[in-house]
Protein chains: 2
Amino acid sequence: MTSTPIADLWTTLPGGAGPRPEAAYRLLAAAVEAFAERGYHATTTRDIATAAGMSPAALYIHYPSKAALLAEISRAGHAATLELVRAAAGAEGGPVERMRRLVEDFTSWHAQGRTVGRVVNYELHALPAEDYAVVAGLRLDIEREVSGIIADGLAAGLFEVAEVKTAARAVTSLGIDVSRWYTGRSSESPQELGRRYGELVLRMLGARP
Amino acid sequence: MTSTPIADLWTTLPGGAGPRPEAAYRLLAAAVEAFAERGYHATTTRDIATAAGMSPAALYIHYPSKAALLAEISRAGHAATLELVRAAAGAEGGPVERMRRLVEDFTSWHAQGRTVGRVVNYELHALPAEDYAVVAGLRLDIEREVSGIIADGLAAGLFEVAEVKTAARAVTSLGIDVSRWYTGRSSESPQELGRRYGELVLRMLGARP
DNA sequence: CAGCATGCTAAGCAAGCGCTTAGTCACTCC
DNA sequence: GGAGTGACTAAGCGCTTGCTTAGCATGCTG
């Protein structure tokens, strides 16, 4: 795993512009937990501020609105996921090895970071239009990386699928949905689940052993 | 498709207790659309009543609360899905044929009824506790039917998977997630998507041709 | 025909919402 | 030491929320 660990996701400002103030970090972390558990609209600014140990008004010193908090979470979450996907797609090795690593990392990421994953994947509709546009671009990039590996594998005669787009959709779909159903109480560790999903996906793609 | 067509999902009362009054039907249909598009908490009772062509107060003549509307949608949606799954699992033919039909029907159902599917799968947390318990039971039943076919296939030496539970989770997961990403503008029809997913899943399960 | 149930609307209530305002405190700088 | 600054709070504003109340037509029943 060369990608950003989940715990470090919010500690630095976008673009590597130094560390994030601790109070802003606490607000972001509290917002992730609350949005994941209750959903964006069911979460109040008082919930977030209280969980971060502040009065409601203090939130607005660090973020201009509740929606800005969601946008920052969504942007950082998607950027980290894209980074993880690019690391796997650009690694050494053939399409089979790269796809295995992608599915393993993508799956265990969505299991381990299921709270972030829920916000990132299921609260998109609550984003302001311009923030949504940015995130939609990142999602498209992710889908393209997956399609790229499948196309490579097809060209090399290592995969066998009727349609690249549907196959790529199925691969990302399996990983994303993990953040819906996975709980810490699940019997499998994120890594073990990733390994199993890697096996299933490679067979789904008709990978030659 | 022997299961309840989506258009008929709300026209009769639970337990076949006669037809549902037309006004109550209109409220349910409006609630499904609104919950699917904006989410439960972002939808107001005024939204629903207005879309159904009534004043806000009229809603409470037919349903005791906004949550009762969600519960009815969720219950009926899950019951119909279970019916569909049972029809496939109990059909004639071997595990391969039954699994193919299950995935085809399950997938095209979640594509065609994507609005219902979104409410049913992504608004569970908003259900009152007792309604949630009922629905959780139905979801368990669905998972069990899928696991049953996989176990049958394993016993007959027709499938090859390391773990039944993970494989079953992957099968239902693929279908459920369709309601998240599928749009009417998608290039594939629900039936065509079902066929493609059927192929992918059978290969994922290591089905012998 | 009176009496009453049914299905609805207009008006509005109490509570909670996102966000603002005014002011306090600790700290830095000259 | 006085002025300025940044992080924060107490209080609350305007608005919207889920839901209630009171009343009004309509149509059925004896």
Side-chain angles (χ1 to χ4, degrees), chain A residues 10-11 13 17-35 37-74 119 123 125-132, chain B residues 10-11 13 17-35 37-74 119 123 125-132:
Chain A
W10 325 110
T11 53
L13 289 171
R20 190 188 300 276
E22 198 247 342
Y25 168 82
R26 266 169 24 228
L27 283 166
L28 265 187
V32 170
E33 289 302 317
F35 290 164
E37 194 178 344
R38 296 187 284 277
Y40 175 78
H41 289 290
T43 300
T44 71
T45 54
R46 285 164 177 83
D47 289 339
I48 299 168
T50 303
M54 304 174 200
S55 78
L59 189 153
Y60 292 90
I61 291 162
H62 302 281
Y63 295 94
S65 67
K66 180 178 144 182
L69 267 166
L70 176 65
E72 178 58 13
I73 291 164
S74 201
V119 179
E123 303 293 340
H125 62 284
L127 283 171
E130 52 242 60
D131 297 309
Y132 178 81
Chain B
W10 325 110
T11 53
L13 290 170
R20 190 189 299 276
E22 199 247 344
Y25 168 83
R26 267 170 24 228
L27 284 166
L28 265 187
V32 169
E33 290 301 318
F35 291 163
E37 195 178 343
R38 295 187 285 278
Y40 175 79
H41 289 290
T43 300
T44 70
T45 54
R46 284 165 177 81
D47 288 340
I48 300 168
T50 303
M54 304 174 200
S55 79
L59 188 151
Y60 293 89
I61 291 160
H62 303 280
Y63 295 94
S65 67
K66 181 178 144 185
L69 267 165
L70 176 65
E72 178 58 14
I73 292 164
S74 202
V119 179
E123 304 293 339
H125 57 87
L127 282 172
E130 52 244 61
D131 297 308
Y132 179 80

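Only heavy atoms go into these numbers, but all of them, side chains included; no hydrogens, no water, no symmetry mates. The sequence lines fix the lettering, A, B, ..., with proteins before strands; numbering per chain opens at 1. Not measured: the values here are computed from a predicted model.
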Take A:Leu127 and A:Ser74, measure what side chain to side chain contact (heavy atoms under 4.5 Å, CB included) needs, and give me the verdict at the end.
CA-CA 9 Å; A:Leu127 283 171; A:Ser74 201; 3.8 Å; yes

Rounded to whole Å, please give me the gap between NE2 in A:His62 and P in D:dA7.
6 Å

Taking the side chain as every heavy atom from C-beta outward, state whether B:Met54 and B:Leu27 have any pair of such atoms under 4.5 Å apart.
yes

Could you tell me whether a side-chain N or O of B:Arg26 sits under 3.5 Å from a main-chain N or O of B:Ala52, the two making a donor and an acceptor?
yes

Sugar-phosphate, base or nothing in reach of B:Ser55, heavy atoms under 4.0 Å
base

Find the distance B:Tyr40:OH to D:dT17:P and express it as a whole number of Å.
14 Å

Treating A:Tyr40 as the side-chain partner and A:Ala67 as the backbone partner, does any N or O pair qualify as donor plus acceptor under 3.5 Å?
yes

In whole angstrom, what separates A:Leu59's CG from D:dC8's P?
11 Å

Roughly how far, to the nearest 0.5 Å, is the NE2 atom of B:His41 from the OG1 atom of A:Thr43?
8.5 Å

Please report, rounded to the nearest Å, how far the P atom of D:dT5 is from the CD1 atom of A:Ile61.
16 Å

Could you state the interatomic distance from CG (B:Leu28) to CZ (B:Phe35), rounded to the nearest 0.5 Å?
9.5 Å

Side chain to side chain contact (heavy atoms under 4.5 Å, CB included) assessment of A:Asp47 paired with A:Arg38
CA-CA 11 Å; A:Asp47 289 339; A:Arg38 296 187 284 277; 3.5 Å; yes

In whole Å, I'd like the distance from the OH atom of A:Tyr60 to the P atom of D:dA10.
17 Å

On DNA chain C, does the nearest nucleotide to B:Ala23 precede the nearest nucleotide to A:Pro64 from the 5' side, or the other way round? Give the residue.
B:Ala23

Heavy atoms of chain B, cut-off under 4.0 Å: which first and last nucleotide of DNA chain C, 5' to 3', fall inside that, if you could look?
C:dC8 to C:dG12

Reading DNA chain D from 5' onward, which residue's closest nucleotide shows up sooner: B:Pro56 or A:Arg26?
A:Arg26

Round to the nearest Å and state the distance from B:Leu70 atom CG to D:dG18 atom C1'.
15 Å

Round to a whole Å and report the spacing from CZ of A:Arg46 to P of D:dA11.
14 Å

From D:dT17, D:dT9, D:dC19, pick the nucleotide closest to the side chain of B:Thr44?
D:dT17

Over how many whole Å does the gap from B:Arg38 atom CZ to D:dT17 atom P extend?
10 Å

Hey, which sits more toward the 5' end of DNA chain D by its nearest nucleotide, A:Ala58 or B:Thr45?
A:Ala58

